[in-house]
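Accompanying notes for the structure given below.
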Amino acid sequence: MENISGSNDFIREIVSEDLKTGHVKQVVTRFPPEPNGYLHIGHAKSIFINFGIAQEFAGKTNLRFDDTNPLKEDNEYVNAIQEDVAWLGFHWDGLYFASDYFEEMFQRAVLLIKKGKAYVDDQTAEELRLTRGTLTEQGQDSLYRTRTIDENLDLFDHMRQGEFGDGERVLRAKIDMTSPNLNLRDPVLYRISHAPHHNTGDKWCIYPMYAFAHPLEDAIEGVTHSLCTLEFKDQRPLYDWVIRECEMPHVPHQYEFGRLNLSNTVMSKRNLKKLVDEGLVDGWDDPRMPTLSGLRRRGFTPESIRSFVEELGVTVTGGEVDYKLLEYHARQDLNLRAPRTMAVIRPLKVVITNYPENQVEMLDMEVNPEDASMGTKQVQFSREIYIEQEDFMEVPPPKYHRLYPGNEVRLKNAYFIKCNEVVKDNQGNVVELRCTYDSETKSGSGFTGRKVKGTIHWVDCKTAIPAEFRLYEPLLAGEFDENKPLEQLINPDSLKVEYGYIGADLKNVKIQEKYQFIRHGFFNVDPKETTTDHKVFNLIVSLKSSFKIEQPSAKR
RNA sequence: UGCCGGAUGGUGUAAUGGUAGCACGACUGACUCUGAAUCAGUUAGUCUAGGUUCGAGUCCUAGUCCGGCAGCCA
């Protein structure tokens with residue numbers, strides 16, 4: 001069978017081959033998050049791989065919560081994860097919980113004991129660690145390794161009945177304490193934890209470990225290709241051991257791919273949670289976070305995340321992707337879809353002295369020059385407007401095409417204006433510009449009398465609406481360093497808040513709507529902070545700019 | 001001095017023994033009522049040393065470097 005997308009990574013080749021040879025009738029994958037945090041863009045890669053491959057080969061994908069550790073899991077995460085997966089555009093075939101299989105897992109563990117393949121160990125966690133050996137030294141058999149089957153059965157049952165305290169005993173696989181693969185040195189299968197579970201309540205006080213539970217979950221659900229990240233590679237022999245020794249009728253296979261790492265950010269649930277818990281960010285959905293909820297609030301579209309992830313491919317090498325590539329995909333998507341508008345983020349007032357005091361006119365503006373079908377809209381123009389502070393310089397550097405004394409520029413969709421006078425306050429700051437306009441130069445009039453180097457955007461003072469703009473830079477100033485406290489790593493400029501103006505055309509914006517503020521970038525209407533009276537816009541990604549001031553004379 | 005993986009421009013990725021290609025970035029230029037977009041171009045790569053072969057990024061040997069593994073986490 002051929003896949004639809006045409007992309008052909010090593011996993012798709014395996015799937016293809018399995019289908020062709022008939023080893024597999026229908027491909028079944030699963031996305032198995034632990035509900036102990038919110039999903040991030042790294043998970044998006046796994047989601048696109050698991051759901052994507054199943055889709056391409058007409059298979060099925062389950063959303064399965066790997067909830068085998070009651071201490072860390074919570075229903076808040078269960079709900080958030082479902083929302084995020086759905087937002088990316090995927091529908092799961094089955095919605096399952098590992099905890100629903102606890103009884104079967106217990107029975108399989110009993111089977112292991114009966115076969116002499118598992119035993120109850122009374123050693124402490126510390127003793128276990130000491131006898132496991134090291135990377136270069138083999139481990140030693142536990143004193144309890146030779147317990148009789150009946151004794152093990154009895155003890156394991158008492159574990160389940162709650163007759164021991166946390167950590168007093170564990171169930172271990174009996175494999176090989178001398179194996180060079182640490183995962184095979186009699187790994188722990190079950191531990192005791194008298195903790196309430198988000199799904200099973202207090203029904204259980206023993207919980208299976210990932211290494212035991214995961215292969216069973218896959219087998220129970222009929223998963224054919226269990227796709228996970230590289231760090232589980234060493235567990236593959238154990239995965240196969242569990243399936244085989246537990247005599248699971250269905251045999252899934254594990255394949256590993258490289259995890260996604262993004263530059264200048266934190267990418268582990270542990271550290272993301274820390275940022276949230278320490279109040280260093282505004283929750284899991286802080287727009288600077290690489291979480292899916294953060295990216296959504298920031299304004300990234302699922303389509304741009306998808307094309308980004310798909311471009312990376314599926315490989316067995318690890319690496320770190322420059323976040324600029326994600327920005328590129330966001331621009332690419334938004335450029336075609338986002339309506340254009342003019343917004344002034346750092347306002348500077350301009351009075352057009354030869355424009356009649358009470359005159360007002362409506363000017364046409366293309367909604368999106370990339371898509372004529374989006375039509376035009378009208379924007380109001382009058383004698384007083386705001387322009388961007390950085391679009392004026394009293395002493396312009398070379399190749400500065402914007403406003404400066406004596407220079408003429410075009411106001412986008414309006415007229416040429418020329419700067420005649422600069423008004424300053426007591427401190428010498430420029431507070432107002434007095435300009436004249438040329439009525440011959442109206443946009444759309446076909447005026448060709450003379451040319452102008454620059455076009456700048458503006459907002460009419462009479463109808464301007466105050467707005468808050470949140471400008472973002474990467475969360476971390478440099479690369480993640482686990483030896484430094486998080487608060488020292490955070491980029492102090494990761495969030496800058498500005499107060500400026502939007503035009504009347506944005507009076508009725510709705511949350512999560514995306515716009516391009518001409519010459520600035522793409523912005524999203526913040527869903528958390530925006531009210532009818534106070535509009536907050538999140539910078540999704542700025543427009544590229546080839547303009548650089550050669551001599552940074554910040555003087556205006 | 002264990003085991004398992006892996007090394008292709010600054011970054012990510014392709015080439016399945018037969019011309020090292022693509023994308024991002026960076027830099028030019030054209031165009032432009034967004035210094036955007038678009039278009040054209042430039043830049044820059046097979047870890048090292050041997051070997052097999054008419055031919056090696058690809059196969060073999062040795063080395064170097066990088067990642068993962070010593071939770072009763074997943």
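Proteins come first, then strands; the chains are lettered A, B, ... in the order of their sequence lines, and each starts at number 1.
Lys442(A) comes within 4.0 angstrom of a nucleotide base, judged by non-hydrogen atoms across all strands. Within 4.0 Å of Ser263(A), counting heavy atoms only, lies no atom of the nucleic acid at all. Within the 4.0 angstrom heavy-atom criterion, base atoms lie near Gly444(A).
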Dot-bracket line, read 5' to 3' along RNA chain B, where crossing pairs take [ ] and | marks a partner on another strand, Watson-Crick or G-U under 3.5 Å: .((((((..((((....[..))))((((((.......))))))...(((((..]....))))))))))).....
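As rounded to the nearest Å, U11(B) and U48(B) have P atoms that lie 15 Å from one another. Nucleotides G10(B) and G2(B), compared at atom C1', are 35 Å apart to the nearest Å. Of the P atoms belonging to U52(B) and G9(B), the separation is 28 Å, rounded to the nearest Å. For the C1' atoms, the distance from G25(B) to G45(B) is 15 Å, rounded to whole Å. Spacing between U64(B) and A26(B) at atom P, rounded to whole Å, works out to 38 Å. Going from the P atom of C3(B) to that of U58(B) covers 25 Å, rounded to whole Å. Atom name C1', nucleotides A20(B) and U13(B): the rounded distance is 13 Å, in whole Å. Taking atom C1' on both nucleotides, U8(B) is separated from U46(B) by 4 Å, rounded to a whole Å.
Looking at residues two or more places apart in sequence or on another chain, you find no salt bridge (Lys or Arg N to Asp or Glu O under 4.0 Å) involving Lys418(A). Among residues two or more places apart in sequence or in another chain, the salt bridge (Lys or Arg N to Asp or Glu O under 4.0 Å) test is passed with Lys412(A) by none. In this view, Tyr119(A) satisfies the ring-ring contact (aromatic ring centres under 6.0 Å, His included) rule with no residue, not counting sequence neighbours. Partners of Phe480(A) under the ring-ring contact (aromatic ring centres under 6.0 Å, His included) rule, at least two apart in sequence or in another chain, do not exist in this structure. For Asp234(A), there are no side chain to side chain donor-acceptor pair (under 3.5 Å) partners at least two apart in sequence or on another chain. Residues forming a side chain to side chain donor-acceptor pair (under 3.5 Å) with Asn261(A) (at least two apart in sequence, or on another chain): none. Among residues two or more places apart in sequence or in another chain, the ring-ring contact (aromatic ring centres under 6.0 Å, His included) test is passed with Tyr386(A) by Tyr501(A). Partners of Phe156(A) according to the ring-ring contact (aromatic ring centres under 6.0 Å, His included) rule, which considers only residues two or more places apart in sequence or in another chain, are Phe106(A), Tyr190(A).
Within the 3.5 Å criterion, the main-chain N or O of Phe31(A) finds no donor-acceptor partner in the side chain of Asn50(A).
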Sequence-aligned protein contact record of nucleotides 68-74 of chain B, with B where the base is within under 4.0 Å of a protein heavy atom and S where only the sugar-phosphate is: BBBSBSB
Letter per nucleotide, 5' to 3', of nucleotides 35-47 of chain B [B base touched, S only sugar-phosphate touched, - untouched; heavy atoms, 4.0 Å]: BBS----------
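Place Leu411(A) and Leu312(A) on RNA chain B by their nearest nucleotides, and Leu312(A) ends up nearer the 5' end.
Aromatic pair Phe102(A)/Tyr207(A): centroids less than 6.0 angstrom apart. In this structure, Tyr355(A) has its ring center under 6.0 Å from that of Phe381(A).
Taking atom CG on Asn264(A) and atom P on G25(B), their separation rounds to 16 Å, with Å as the unit. Note: CZ (Phe308(A)) to P (U13(B)) measures 11 Å, nearest angstrom. In this structure, Ile518(A) atom CD1 and U32(B) atom P are separated by 17 Å, rounded to whole Å. When the C1' atom of G10(B) is taken as reference, atom CG of Leu325(A) falls 14 Å away, rounded to whole Å. When the P atom of C3(B) is taken as reference, atom CD of Glu256(A) falls 19 Å away, rounded to whole Å. For the pair Gln254(A) CD and G5(B) P, the computed distance is 14 Å after rounding to whole Å. Put simply, CD on Glu320(A) is 16 Å from P on G10(B), counting in whole angstrom units. Remark: P of U11(B) and CD of Glu311(A) are 16 Å apart, rounded to the nearest angstrom.
Dense packing is recorded around NZ of Lys377(A), with more than 12 heavy atoms of other residues, nucleotides or ligands lying under 6.0 Å away.
For G71(B), the glycosidic angle deviates from 0 by 90° or less, giving a syn base.
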Which pairs would a plain distance check flag for residues 235-242 of chain A, meaning a side-chain donor or acceptor within less than 3.5 Å of a matching protein atom at least two apart in sequence or in another chain?
from      : atom 1 : to        : atom 2 : distance (Å)
Arg236(A) : NE     : Glu256(A) : OE2    : 3.4
Arg236(A) : NH1    : Gln254(A) : O      : 2.5
Tyr239(A) : OH     : Asp218(A) : OD2    : 2.7

